[in-house]
S.K.: 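Questions regarding the structure given below will be posed in turn.
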Amino acid sequence: MNIIVVGCGRVGSQLAILFSQGDNSVVVVDTDATKFNNLGVSFEGSTLVGVGFDEDILIEAGVTSADVLCAVTDQDNSNLMIAEVGRKLFDVPYVLARLYNPDRTNAYLQLGLDYVCGTSLVAEEMYSKVMAARGKFIEALGNYDIMRFALDLTAHQGNSILVAELEKDHEIRVVAFERKSGQYSSIPTRDSILYEGDTVIACVRNDLLEGFSVYIS
């Protein structure tokens with residue numbers, strides 16, 4: 001994936017290092033070049049000095065081909081602006097922002113922005129959300145994410161699974177599905193059967209995304 005991380009403080013640098021250890025192209029943006037020292041010698045991406053919500057800076061960072069944009073500066077207003085620019089102007093498939101003030105949660109929800117709020121293990125949570133979602137995020141609702149994805153049953157015995165089984169094992173709620181052929185769609189009951197390749201819309205608790213990601217294609 002092509003990933004842009006804006007903000008190279010403790011969380012941003014840790015997140016960038018995590019991404020760079022995988023098969024990803026990572027660019028880190030910060031207004032202070034000295035912050036790049038936080039990346040250490042293990043970082044395998046590139047860096048860029050500039051303001052993260054500046055369109056020219058984002059273009060130089062590769063936003064037009066980015067799969068993921070993470071806004072992790074130390075200012076909520078900046079993170080919100082970065083997320084909005086990335087999503088609305090450049091149509092980045094998956095945008096994720098850090099939120100410091102929980103009183104502003106509703107603003108993020110109303111804008112349909114995915115976020116992580118808190119002070120501990122933020123980088124790990126953001127990394128897990130990005131790697132699990134793979135651009136399938138639709139909207140955040142508090143501690144839950146609405147996602148649309150093709151069902152992958154490689155890790156399941158057989159090419160079909162009951163909705164009740166999927167929901168029970170992973171504490172999710174399947175909202176709707178469409179057959180791979182596109183000829184049938186439905187709001188399921190617990191007895192409905194889902195097949196490999198079906199398109200599914202589901203509500204997933206965000207701290208369980210990593211475990212559920214085996215079903216996301």
Side-chain angles (χ1 to χ4, degrees), residues 1-4 18-19 22-25 62-71 83-84 86-97 105-106 108-117 124-217:
M1 293 188 295
N2 296 322
I3 301 170
I4 300 174
L18 286 170
F19 283 134
D23 187 20
N24 302 305
S25 173
V63 71
T64 55
S65 60
D67 300 295
V68 176
L69 172 62
C70 295
E84 282 286 86
R87 192 183 65 160
K88 290 188 174 181
L89 294 186
F90 296 105
D91 199 26
V92 178
Y94 189 66
V95 176
L96 182 60
T105 298
N106 286 337
Y108 278 67
L109 293 178
Q110 290 170 5
L111 292 169
L113 293 173
D114 200 4
Y115 65 91
V116 170
C117 183
E124 290 87 343
E125 184 176 349
M126 295 185 82
Y127 178 78
S128 295
K129 284 174 73 72
V130 170
M131 299 310 292
R134 300 177 193 170
K136 309 302 182 182
F137 167 81
I138 295 177
E139 186 170 357
L141 298 172
N143 294 325
Y144 294 86
D145 290 343
I146 306 298
M147 302 181 66
R148 182 182 188 274
F149 55 90
L151 186 63
D152 183 352
L153 292 176
T154 304
H156 179 73
Q157 293 183 351
N159 67 345
S160 66
I161 188 171
L162 281 173
V163 167
E165 182 180 353
L166 189 64
E167 292 183 338
K168 177 183 177 182
D169 289 349
H170 298 277
E171 296 185 43
I172 73 162
R173 179 61 54 86
V174 177
V175 179
F177 71 91
E178 182 181 61
R179 288 285 179 247
K180 184 178 181 180
S181 64
Q183 296 179 348
Y184 176 78
S185 59
S186 177
I187 297 175
T189 66
R190 290 176 55 81
D191 294 327
S192 296
I193 300 175
L194 300 175
Y195 293 93
E196 173 78 23
D198 284 353
T199 298
V200 177
I201 295 178
C203 181
V204 186
R205 206 172 78 197
N206 49 41
D207 62 335
L208 299 177
L209 268 175
E210 186 171 8
F212 182 69
S213 65
V214 295
Y215 289 99
I216 299 174
S217 174

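Since this is a predicted model, take the numbers as computed values, not measurements. The first residue of the sequence shown is numbered 1, and numbering continues consecutively from there.
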S.K.: Could you grab the distance from atom SG of C70 to atom OH of Y94, nearest 0.5 Å is fine?
M.R.: 8.0 Å
S.K.: Report the C-alpha separation of F177 and I193 in whole Å, then their side-chain angles, then the decisive distance to 0.1 Å, and conclude whether the side-chain contact (heavy atoms from CB on, under 4.5 Å) test is met.
M.R.: CA-CA 10 Å; F177 71 91; I193 300 175; over 6 Å; no
S.K.: If we only count heavy atoms from C-beta on, is the I146 to I201 side-chain gap below 4.5 Å?
M.R.: yes
S.K.: A side-chain contact here means heavy atoms from C-beta on lying under 4.5 Å apart; do V116 and L96 qualify?
M.R.: yes
S.K.: Describe, in one word, how the ring planes of Y215 and H156 are oriented to each other, choosing from parallel (under 30°), tilted (30 to 60°) and perpendicular (over 60°).
M.R.: tilted
S.K.: Any chance you could lay out the side-chain contact (heavy atoms from CB on, under 4.5 Å) test for V63 and V92, step after step, and finish with the verdict?
M.R.: CA-CA 7 Å; V63 71; V92 178; 3.6 Å; yes
S.K.: Taking the side chain from D67 and the backbone from N2, do they hold a donor-acceptor pair closer than 3.5 Å?
M.R.: yes
S.K.: Under a 3.5 Å cutoff, is there a donor and acceptor pairing between the side chains of D152 and T154?
M.R.: yes
S.K.: Do I4 and F19 have side chains that approach each other closer than 4.5 Å (heavy atoms only, starting at C-beta)?
M.R.: no
S.K.: For residues 193-203, which residue pairs pass the side chain to side chain donor-acceptor pair (under 3.5 Å) check, not counting sequence neighbours?
M.R.: R179-D198
S.K.: With sequence neighbours excluded, tell me which residues meet salt bridge (charged side-chain N to carboxylate O under 4.0 Å, His left out) with E84.
M.R.: R87, K88
S.K.: Starting at NZ of K168, measure out to CG of L162 and round the result to the nearest 0.5 Å.
M.R.: 11.5 Å
S.K.: What are the two closest non-hydrogen atoms of A150 and G197, and how far apart are they?
M.R.: CB-O, 4.3 Å
S.K.: Taking all non-hydrogen atoms of both residues into account, name the closest pair between P188 and V163 and its distance.
M.R.: CB-CG2, 3.9 Å
S.K.: Got a second to check how far C203's SG is from M147's CE, nearest 0.5 Å?
M.R.: 11.0 Å
S.K.: Give a yes or no answer on whether the side chain of N24 reaches the backbone of M1 with a donor-acceptor pair at less than 3.5 Å.
M.R.: yes
S.K.: Using the test side-chain hydrogen bond (donor to acceptor under 3.5 Å, both in side chains), find all partners of K180 that sit at least two apart in sequence or belong to another chain.
M.R.: none
